[in-house]
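Note sheet for the following structure.
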Amino acid sequence: MSTYKEFHRRSISDPEGFWDEQAKLIHWHKPFAKVLDYSRPPFAKWFVGGETNLCYNAVDRHLEDRSDRNALIFVSTETDSEKTYSFRELHAEVNRCAAMMQSLGVDKGDRVLIYMPMIPEACFAMLACARIGAIHSVVFGGFASHSLASRIDDASPKLVISADAGSRAGKVVPYKPLLDEAIRLAKFPPAKVILFDRGLDPGMARVAGRDLDWVELRAQHLNAQVPCVWLESNEPSYILYTSGTTGHPKGVQRDVGGHAVALAASMKHIYCGNAGETYFSTSDIGWVVGHSYIIYGPLIAGMATIMYEGTPVRPDAGILWKIVEKYKVTVMFSAPTAIRVLKKQDQAFLKKYDLSSLRYLFLAGEPLDEPSHRWITEGLGRPVIDHYWQTETGWPLLTSVPGVEQTPIKFGSPSFPAYGYNVKLLHETTTEEVGTGEKGVVVIVPPLPPGCMSTVWGDDERFVKTYFETIPGKLVYSTFDWGIRDKDGYYFILGRTDDVINVAGHRLGTREIEEAISSHPAIAEVAVIGAADQLKGQVPVAFAVLKDPSQIESSAGRMKLEGDIMKTVDQQLGAIGRPARVHFVTLLPKTRSGKVLRRSIQSICDGRDPGDLTTIEDPGALQQVRDAIAGKA
Ligand code: PRX
């Protein structure tokens with residue numbers, strides 16, 4: 001077997017030969033004529049002229065060998081339900097759903113917005129879109145009306161698929177009122193809405209003529225057989241919005257062929273998942289991990305995939321391990337926050353269940369601290385692989401690749417660049433490559449490998465400007481993360497270079513939170529930063545300047561306003577963006593040209609030195625931040 005270094009070297013020196021080989025892992029209806037077309041940098045077209053279909057690869061392809069084996073395992077500790085679907089049953093449900101969509105006029109290239117909790121119907125809807133060539137845009141259920149409306153406007157979906165409600169830690173979270181409000185706000189409202197009624201919100205309102213019932217529609221298409229629409233490899237498969245520096249999330253667009261090949265290759269080389277086994281990712285379909293490693297990746301590999309609706313600690317802190325035992329999970333994927341949460345619970349839960357099936361636990365989404373990495377590795381007695389990637393890349397960018405070579409794990413490090421990625425660390429100002437142990441911006445030399453974003457939905461220029469024009473004079477993709485590499489070539493991620501924060505693995509733009517807070521009538525100006533948090537990694541903290549400071553003269557007035565502002569964020573953006581604290585100040589630290597010094601505020605919040613302050617307009621503003629945190633303001 002080749003060593004990993006050699007495997008990686010070949011993927012960079014001969015990308016076409018390398019990916020031509022990987023492309024054999026999926027089914028092609030029509031073979032591609034060219035592996036890579038890179039005639040218009042930085043746009044990379046993979047497997048040009050080839051025709052395939054994601055749903056075919058995820059479902060139909062397995063009917064011959066394992067039609068009665070589990071494909072989808074749904075476990076909800078919120079509603080106390082469990083249900084499994086074989087590949088045959090999944091195929092039938094996806095066909096029904098595809099027919100439902102077609103009956104409403106959804107065609108190839110049309111967008112379908114999916115705003116659903118973690119229920120099997122969400123999986124059927126995604127795969128049904130893939131089947132008929134419709135482009136899905138899944139919006140995380142934790143987002144509220146305003147966020148949803150801006151995504152509706154950007155994608156202009158013909159159809160929205162939703163449910164009455166989700167449930168979080170035993171509390172019902174109605175979705176429909178948020179959806180109704182979003183559609184009211186949207187400039188381009190969808191013509192139809194399909195609702196899956198879980199019976200969680202008996203008061204759910206329906207709009208006559210627009211809202212349709214999933215169960216009724218399904219009953220009309222019970223025996224539907226909808227052929228897969230073969231798509232050219234570079235046609236769009238989905239849009240997934242992600243946060244950046246502006247208040248307007250970007251629609252990350254993914255292709256079909258490159259996406260399928262990249263996921264199939266990652267299942268083999270990185271996750272070591274085999275057909276017939278079970279994969280368990282604790283993420284949500286609203287995030288990229290859910291797209292790649294709840295739905296498409298495991299199913300393409302012929303594995304059963306677990307969709308889990310619940311938290312890691314209900315009914316107790318053994319629930320994840322109980323699921324591993326029951327379904328003989330071989331590969332598991334979670335986030336560092338879940339591990340930190342479990343670390344605070346009774347350790348006996350780690351030993352209570354038979355985990356002998358489990359080969360690897362993968363973690364991603366946020367920095368994994370060394371003590372948590374060590375704790376879970378020792379507790380499980382298995383390799384725990386920290387790996388680093390982004391919505392934009394769709395699959396791991398830094399990782400150990402145990403399917404090729406079992407390289408030793410270093411705690412707190414996501415190991416090395418994955419095959420296909422030509423990664424460099426560049427100095428922030430000189431833009432030269434940094435040396436061992438020096439901090440630099442993590443960049444990728446294009447072309448980006450298959451499976452990475454192909455563009456920003458509807459905005460090629462924004463794709464180039466945002467990602468490829470941030471390092472002067474160099475056409476490289478910026479990850480907007482800081483990293484360092486040690487003498488053995490192991491990478492360590494040190495956090496974002498931009499205004500993106502990471503709350504319990506959820507990526508949020510501080511600008512989006514600021515916009516939500518600014519919509520409160522009392523606010524004149526606000527700055528949001530991500531303050532370090534032991535459990536969640538970071539939490540949003542706001543510093544607000546009021547139009548009329550007399551409102552907070554009494555501590556009761558101050559507390560009421562802080563609560564009101566938090567509520568505003570809940571309603572506009574969703575509770576995941578709610579600031580942990582809103583501090584009131586009379587001015588924000590700014591440069592003389594008026595730029596808010598978020599990094600300096602962040603340093604103070606984290607107890608670090610705010611650095612060079614020669615450009616600050618009024619140093620008194622930083623003192624206010626210090627006083628506010630110390631509770632003196
Ligand atoms: O800052 C990095 C952090 O999460 C960002 C990407 O978030 P998202 O687009 O939601 O994709 C998550 C896919 C797993 C990155 O820019 N991040 C992700 N993984 C790690 C990480 N930070 C440190 N270590 C990681 N393993």
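Keep in mind it's a predicted model, so treat the numbers as computed, not measured. Atoms within a ligand are numbered from 1 in the order they appear, just like the ligands themselves.
The pair E433-K474 does not count as a salt bridge, with every side-chain nitrogen at least 4.0 angstrom from each carboxylate oxygen.
Remark: D255 engages N234, H259, S454 in a side-chain contact (heavy atoms from CB on, under 4.5 Å) (not counting sequence neighbours). Residues satisfying the salt bridge (charged side-chain N to carboxylate O under 4.0 Å, His left out) criterion with E512, sequence neighbours excluded, are absent altogether. A search for ring-ring contact (aromatic ring centres under 6.0 Å, His included) contacts involving Y115 returns Y175, not counting sequence neighbours.
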Need the list: ligand 1 N/O atoms against protein N/O atoms, distance under 3.5 Å, rounded to one decimal.
unit_1	atom_1	unit_2	atom_2	d
ligand 1	1 (O)	D481	OD1	2.7
ligand 1	1 (O)	D481	OD2	3.3
ligand 1	4 (O)	G365	O	3.3
ligand 1	4 (O)	N502	ND2	3.3
ligand 1	9 (O)	T391	N	2.8
ligand 1	9 (O)	T391	OG1	2.6
ligand 1	9 (O)	R507	NH1	2.6
ligand 1	11 (O)	T391	N	3.3
ligand 1	16 (O)	Q390	NE2	2.9
ligand 1	16 (O)	D481	OD2	2.5
ligand 1	16 (O)	R496	NH1	2.7
ligand 1	19 (N)	G365	N	3.0
ligand 1	24 (N)	E366	O	3.4
ligand 1	26 (N)	D386	OD1	2.8
ligand 1	26 (N)	H387	O	2.8

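For the pair H506/W287, a side-chain contact is recorded, criterion being any heavy-atom separation below 4.5 Å from C-beta on.
Centroid-to-centroid, the aromatic rings of F333 and F362 stay 6.0 Å apart or farther.
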